[in-house]
Protein chains: 2
Amino acid sequence: MLGEKLKELRETKGFLQRQVAAQLQVDTAYISKMEHNEKPVSRNHLKKLSKVYSIPEAELLPLWLADKVLQVIEKQQYGIEALKLVLNKLDNDKSKP
Amino acid sequence: MLGEKLKELRETKGFLQRQVAAQLQVDTAYISKMEHNEKPVSRNHLKKLSKVYSIPEAELLPLWLADKVLQVIEKQQYGIEALKLVLNKLDNDKSKP
DNA sequence: TTGACTTGTCCTATAAAGGGCAAATGTAAA
DNA sequence: TTTACATTTGCCCTTTATAGGACAAGTCAA
């Protein structure tokens, strides 16, 4: 999910991977993999990316987290049930902290 | 979430941690930690536990997965948003596989 | 051809899993 | 009020997995 967003941002801003790579001080292959969800994006890179693309980090963070969740449940049975359990629990914990 | 369930199961079956520990071939401290969510439960142990307590693994798996998800989003902002994004994506992917 | 991007392979460092041991604490009964 | 288990907690250790990243070679479009 994050990958697509990053690619889209880069393209609408008209940047080349080479340019973004320079800002993060990595090579272009690394950027390519981020945009294809083949490498996780570190919190640190996420922050830099939000600067490079001039958007609030808050716009990327949910996607970033979602990818991490996705990776936990992918190829696993009961993923949806698990997510619902978690949502319920969070809801529940909120009312009595 | 899983910990509480394991403890409850053990108690209603009237087992001691020592007995369960023997079945899994670990020490009682390890069982205690599982029941307090202080150590993750491996898939393998989960399977054994389902046998020890004579319940289908399917009764434990969602809780087990939920704990893993929880651990990803805990102490993180936008956890709920992320979960909702994931649920949407899964829903979406289902319709066009 | 050249420049942009992708893909595969490899390496290293760090973090987490899996687990033991000892000491502390809880608890019931003699 | 000791004794005897059951459980919990803290600390330690080793192994495995993953993150983070480089590099080379491949593909794709103009």
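Both backbone and side-chain heavy atoms feed into the values below; hydrogens, waters and symmetry mates do not. Convention: sequence-line order gives letters A, B, ...; per-chain numbering from 1.
- Atom CD1 in B:Ile31 sits about 11 Å away from atom C1' in C:dG19, given to the nearest Å.
- One donor-acceptor pair, N or O on each side, does fall under 3.5 Å between the base of C:dG8 and the side chain of A:Lys33.
- Rounding to whole angstrom units, CE of residue B:Met34 and P of C:dG20 are separated by 10 Å.
- A perpendicular orientation is assigned to the rings of B:His45 and B:Tyr30, their planes being inclined by more than 60° (bins at 30° and 60°).
- Results of the side chain to side chain contact (heavy atoms under 4.5 Å, CB included) test with A:Tyr53 over A:Leu60, A:Leu9, A:Thr12 single out A:Leu9 as the only residue that passes.
- At a threshold of 4.5 Å between side-chain heavy atoms, the hydrophobic network of Ile, Leu, Val, Met, Phe, Trp and Tyr places B:Val26 and B:Leu49 in one connected group.
- When the side chains of ILVMFWY residues are joined at heavy-atom separations under 4.5 Å, either directly or via intervening members, A:Val52 and A:Leu16 end up in two distinct hydrophobic clusters.
- A straight line from CG of A:Asn37 to P of C:dT7 spans 12 Å, rounded to a whole angstrom.
- C:dC5 atom P lies 11 Å from atom NE2 of A:His36, rounded to whole Å.
- Between the CD atom in B:Glu57 and the NZ atom in B:Lys51 there is a gap of 8.5 Å [rounded to 0.5 Å].
- Distance, A:Tyr30 OH to C:dT7 P: 17 Å, rounded to whole Å.
- For A:Lys89, the salt bridge (Lys or Arg N to Asp or Glu O under 4.0 Å) criterion is met by A:Asp93, not counting sequence neighbours.
- The side chain of B:His45 places no N or O atom within less than 4.0 Å of a non-bridging phosphate oxygen (OP1 or OP2) of C:dG18.
- Chain B approaches DNA chain D over the interval D:dA6 to D:dC11, counting the first and last nucleotide 5' to 3' with an atom under 4.0 Å from its heavy atoms.
- Listed pair A:Lys7 / C:dT6 meets the phosphate criterion, a side-chain N or O lying under 4.0 Å from OP1 or OP2.
- Residue B:Lys84 places its NZ atom among 12 or fewer non-hydrogen atoms of other residues, nucleotides or ligands, all under 6.0 Å distant.
- For residues 9-17 of chain A, proximity to DNA chain D is found at no residue, defined as any non-hydrogen atom under 4.0 angstrom from a strand atom.
- Regarding B:Glu74, its CD atom lies at a distance of 11 Å from the P atom of C:dA16, rounded to whole Å.
- For the pair A:Gly3 and A:Asp67, the tightest heavy-atom approach, listed with the atom from each and the gap, is N-OD2, 4.4 Å.
- Each of B:Lys68 and B:Ala29 lies near DNA chain C, and the nucleotide nearest B:Lys68 is the one positioned closer to the 5' end.
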Q) Stepwise, does the side chain to side chain contact (heavy atoms under 4.5 Å, CB included) test hold for A:Trp64 with B:Tyr78? A) CA-CA 10 Å; A:Trp64 177 81; B:Tyr78 305 111; over 6 Å; no

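- With rounding to whole Å, A:Lys39 atom NZ is found 12 Å from C:dT12 atom C1'.
- Atom-to-atom, CD of B:Gln25 to C1' of C:dG20 comes out at 14 Å; the value is rounded to the nearest Å.
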